[in-house]
Amino acid sequence: MTQTGTSSSPVIDIKGLGLDRGAHLLLKRALAGLPVGQILGVRGSAPDLAVHLRGWCRSQGHEVIWPEPTGGLSVESAEQGSPLVACVVRGAAAGGRWRGAEAAGGTDPRAPGAVAEHPPARWGLAARGAVVEAGAPEYYFRLDSKAGVWADIVPRLYQQAAAAQWNPATAVDWGAPFELPPEVESAVVQVMTYLIENETAALLVPAKFLAQLHPHFREAMQLLSVQVADEARHVEVFTRRATLRRKEALGLSTVGGQQSLKTLFDEPDFTLASFLLSVLGEGSFLNLLWFLERYAPEPLTQQVARLAAQDEARHVAFGMGHLQYAIALDPTLKGRLASAAVRRHDALAQTAGLNEEVFDALVILAAGGWKTVAIAGGFEKVQTLKREMEADRGNRLIKLGFTSDEASVLSALHTRNFM
Ligand SMILES: [Fe+2]
Ligand SMILES: [Fe+2]
């Protein structure tokens, strides 16, 4: 930009560059540095520049004064350069699409990145902190309340989850040698069959909520996405172990097991689903995976159980974090959680719970042999597993603020299918 000799009005010479070829960037930059009402002379030689300039200025909220009626405007200097095409008066409004636009939260300098309590539908897919042009389409996100989805731990949990991703192809020593009697291999395959079914529920439930979540809750969206990816890997490694030696049909998938999972799948409330799936179900699965890591008869099952348990601990932490956050805002939520646990128990009261094949398979794995004393020991270990599951569920419920009596009643109502 140059200054003319007799006035402070600046002049920009965009030479042969048209507004359709990038000259608007030079004009925007020149105008941005001027106070409102200041005149900018525009020189240029691109075809139809005057017409384009008029349209562009209208869209950006600037006024155009053509050279002819400006009389003594000093921008019409005798300086060498392109012809003077127009004088533009810097407008007061934010330019063009920025006019009437609204910050999508997260822009308060006192709380950078702050998450809004109720992000409106009109923020749509915009990045948190973006400026959303007026008139953007509204998206329907059913989960649009911070209290209904958030936990203070979410951003940190997402970072941990992203850093802890493991490769199923290399994290497990798939070539490790082992020999199992056929009936023990069958027990492993039955447990894997059961795990795959439960991991599938644990994948689909967060995936369903993920698509309903307002993306303003970015870290919750990211954490749920990684959780879905975690479950995809669990399905993969358990499937791979199940089919490693067994080429015919896998184990039994029972009516009772699927009925139990269906009550999770059909729960429409994110907070209640977090409670039933993550706090109670995945929490119980942690005990089961530790059990398998300890008692599995070969290293592959121990490894896949350990890897899955590391991820499950995060899923449980998200559930606990969300419920602690939501209960702190609304202590009456505890009553609704208790009702949800009772409802699920009543809905499953007539079902078989854990299938007999899975129970037997766990006993066989823990027994490590067919002597009477070994089977007795395996049976006792599975009873201990169930007691540990119930006690740990109770401890999580106490952490949520239930009394120990309430916690033991609710823990005992949890599905016999574990998840
Ligand atoms: Fe899982
Ligand atoms: Fe999980």
Side-chain angles (χ1 to χ4, degrees), residues 149 151 153-154 157-158 160-168 171-172 188 190-211 213 219-242 250-251 253 257-258 260-265 267 270-293 296 300-323 344 354 358 362 385 389 392-393 396 414-415 417-419:
V149 298
I153 198 178
V154 160
L157 266 184
Y158 167 67
Q160 287 176 7
Q165 298 296 292
W166 42 271
N167 180 352
V172 180
V188 171
Q190 177 60 63
V191 170
M192 293 297 145
T193 305
Y194 161 84
L195 289 175
I196 293 162
E197 179 173 305
N198 283 268
E199 296 293 349
T200 300
L203 184 157
L204 291 176
V205 169
K208 186 179 72 173
F209 290 118
L210 178 57
L213 178 70
E219 297 88 342
M221 172 182 76
Q222 292 168 306
L223 183 57
L224 280 176
S225 305
V226 177
Q227 189 163 326
V228 168
D230 290 342
E231 307 299 8
R233 287 198 314 280
H234 302 173
V235 169
E236 176 184 344
V237 294
F238 295 147
T239 302
R240 200 159 165 177
R241 174 60 192 92
L250 301 185
S253 165
Q258 295 231 33
S260 180
L261 294 177
K262 192 161 187 305
T263 57
L264 289 179
F265 187 79
E267 175 54 61
F270 178 79
T271 299
L272 297 186
S274 294
F275 178 63
L276 297 174
L277 171 69
S278 298
V279 173
L280 299 178
E282 290 176 311
S284 303
F285 248 55
L286 268 180
N287 297 96
L288 176 62
L289 293 166
W290 291 330
F291 176 94
L292 291 172
E293 183 192 359
L300 293 194
T301 297
Q302 293 168 1
Q303 288 172 25
V304 293
R306 181 169 57 247
L307 288 164
Q310 287 168 8
D311 295 334
E312 291 309 332
R314 273 196 316 276
H315 307 170
V316 176
F318 181 22
M320 288 293 290
H322 170 53
L323 287 160
R344 187 175 185 215
L354 185 69
V358 173
L362 292 175
L385 166 66
M389 284 176 168
D392 287 354
R393 278 196 302 268
R396 282 190 296 277
H414 183 63
T415 174
N417 189 53
F418 298 160
M419 181 65 90

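Whatever order the structure lists ligands and atoms in, that order sets their numbers, starting from 1. Atoms considered below: every heavy atom in the structure, side chains included; atoms not considered: hydrogens, waters and symmetry mates.
Atom CG of residue L307 and atom CD of residue Q302 lie 12.0 Å apart, to the nearest 0.5 angstrom. Atom CD in E312 sits 4.5 Å away from atom CD in E282 (nearest 0.5 Å).
A ring-ring contact (aromatic ring centres under 6.0 Å, His included) with H322 holds for exactly one of F270, F209, F275; it is F270.
Checking side-chain atoms of R233 against main-chain N and O of V228 turns up no donor-acceptor pair under 3.5 Å.
Residue D230 does not count as close to the Fe ion (ligand 1), with no N, O or S atom under 2.8 Å. The nearest N, O or S atom of D311 is not closer to the Fe ion (ligand 2) than 2.8 Å.
Judged by distance alone, the side chains of Q165 and D311 never bring a donor and an acceptor atom under 3.5 Å apart. Judged by distance alone, the side chains of T415 and R344 never bring a donor and an acceptor atom under 3.5 Å apart.
Nearest N/O/S atom of E312 relative to the Fe ion (ligand 1): this is OE2. The Fe ion (ligand 1) sits nearest to atom ND1 when only the N, O or S atoms of H234 are considered. Closest to the Fe ion (ligand 1) among the N, O or S atoms of E199 is OE1. Looking only at its N/O/S atoms, E231 has OE1 as the one nearest to the Fe ion (ligand 1).
At the Fe ion (ligand 2), the vertex angle linking ND1 of H315 with OE2 of E282 is 110° (nearest 10 degrees).
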